[in-house]
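Below is one structure; the comments refer to it alone.
Counting convention: from 1, in listed order, for ligands and their atoms alike. Being a predicted model, the structure only gives us computed values, none of them experimental.
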Amino acid sequence: MNILITGGCGFLGTNLVHFLAENRPEYHLTVFDLLTYAGTKSNIKRLISEKRVTFVHGDICEPGQVSSALDSGIDMVINLAAETHVDRSIMYPADFIRTNIYGVQVLAEQCRSRSISLLHMSTDEVYGSSDDDESFTEETLLQPSSPYSASKAAADLLLMAAHKTHGLDVMIIRPVNNMGPYQYPEKIIPLFIDRLSMGLPVPVYGDGMQIRTWLHTEDFCYAMELAIDNLVAGGIFNLSSKNEVRNIELVKKLVAMLEQSEDLIRFVDDRPGHDRKYSTDGSKFMNQYGWMPRFDFDKALKKTVDWYRANPDWLKKHHTKEFEEYCRKQYGSL
Ligand code: TYD
């Protein structure tokens with residue numbers, strides 16, 4: 001099978017490309033990536049030089065570029081190209097509308113006209129914040145709170161419309177928060193590992209009592225492998241785990257693992273529109289594929305911290321002018 005992975009140099013993309021190259025050598029993998037601030041080509045340099053992956057520099061919003069990449073006999077597109085950071089979506093919503101909505105529409109049209117399957121990555125954030133003991137199913141009303149989650153919800157609706165109208169062979173996955181190697185250090189886990197390793201304070205939004213559900217990228221990749229082999233056309237699936245953890249608990253664990261003092265924890269202004277809790281019911285995917293996450297929260301966090309500690313240069317490489325500028329805007333003089 002010939003698979004094109006958009007955003008294959010980003011966080012989930014890099015993890016999936018490594019996983020499939022290792023576990024499914026019979027697939028031919030093409031990475032299609034614009035290499036924006038969060039995409040790092042060197043993540044997959046070895047695989048490109050060993051000719052296990054073909055790299056194409058391109059933008060999902062450019063139909064001509066997508067079209068020529070698909071003309072190399074692609075059977076399936078996995079769309080991991082997206083603007084993903086909620087805080088940036090509040091600062092620069094137009095970028096999110098362009099890539100996450102318009103770009104997805106371009107992919108849908110290009111796939112449909114060639115009868116190529118599309119496995120699209122959405123998010124649990126499309127449902128908005130959950131009340132205390134409520135877990136969202138795939139049927140729950142979409143009530144996104146941020147420009148990011150609204151753009152992802154819009155893309156899901158466009159894809160389902162393309163499935164109904166044109167028979168687009170599309171499957172949508174809505175995963176919980178992922179942790180693992182190669183995550184750009186604007187997200188809480190790599191950002192806090194980076195700052196704590198330098199002895200710098202870490203900014204906890206609001207009261208830190210918000211709850212996120214976590215998955216290790218290895219479990220994510222293993223779920224993707226199952227979906228690739230048996231795509232359910234028109235199917236929407238939550239991808240979830242039991243690892244529901246309050247931000248403050250996560251931060252305290254990071255502080256302990258990095259042997260720092262809790263004095264470095266700073267409670268700062270809350271994120272506008274901050275969802276208190278994400279909790280999704282993942283039983284539909286589990287029943288369909290017999291998938292269960294293998295990593296509980298503590299094992300996943302330890303494995304993640306170990307990777308960043310073993311790869312300090314990867315984090316250092318991301319201390320660019322752009323990143324410093326973003327941190328200044330987001331965190332002021334912290
Ligand atoms: P994040 O990693 O941005 O992922 P998402 O918003 O997609 O869930 O944030 C995870 C949680 O951590 C979220 O509740 C916001 C919080 N957070 C902080 O408290 N401080 C920070 O500096 C960041 C980046 C996030």
For side chain to side chain contact (heavy atoms under 4.5 Å, CB included), just list the numbers for Val202 and Leu196, CA-CA rounded to whole Å, side-chain angles, deciding distance to a tenth of an Å, and then say yes or no. CA-CA 7 Å; Val202 288; Leu196 290 167; 3.8 Å; yes

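- A search for salt bridge (Lys or Arg N to Asp or Glu O under 4.0 Å) contacts involving Asp87 returns Arg271, not counting sequence neighbours.
- Using a 4.0 Å heavy-atom criterion, the residues that approach ligand 1 are His85, Val86, Glu125, Asn177, Glu186, Lys187, Ile188, Leu191, Phe192, Pro203, Val204, Tyr205, Arg212, Asn247, Arg271, His274, Tyr331.
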Show the numbers, then the answer: is there a side chain to side chain donor-acceptor pair (under 3.5 Å) between His318 and Thr40? CA-CA 9 Å; His318 291 85; Thr40 309; 3.1 Å; yes

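- For the salt bridge (charged side-chain N to carboxylate O under 4.0 Å, His left out) with Arg88, the lone residue among Glu83, Glu325, Glu322 that qualifies is Glu322.
- Phe323 is linked by a ring pair (Phe, Tyr, Trp, His ring centres under 6.0 Å) to Tyr184, His319, counting only residues two or more places apart in sequence or in another chain.
- Partners of Ser72 according to the side chain to side chain donor-acceptor pair (under 3.5 Å) rule, which considers only residues two or more places apart in sequence or in another chain, do not exist here.
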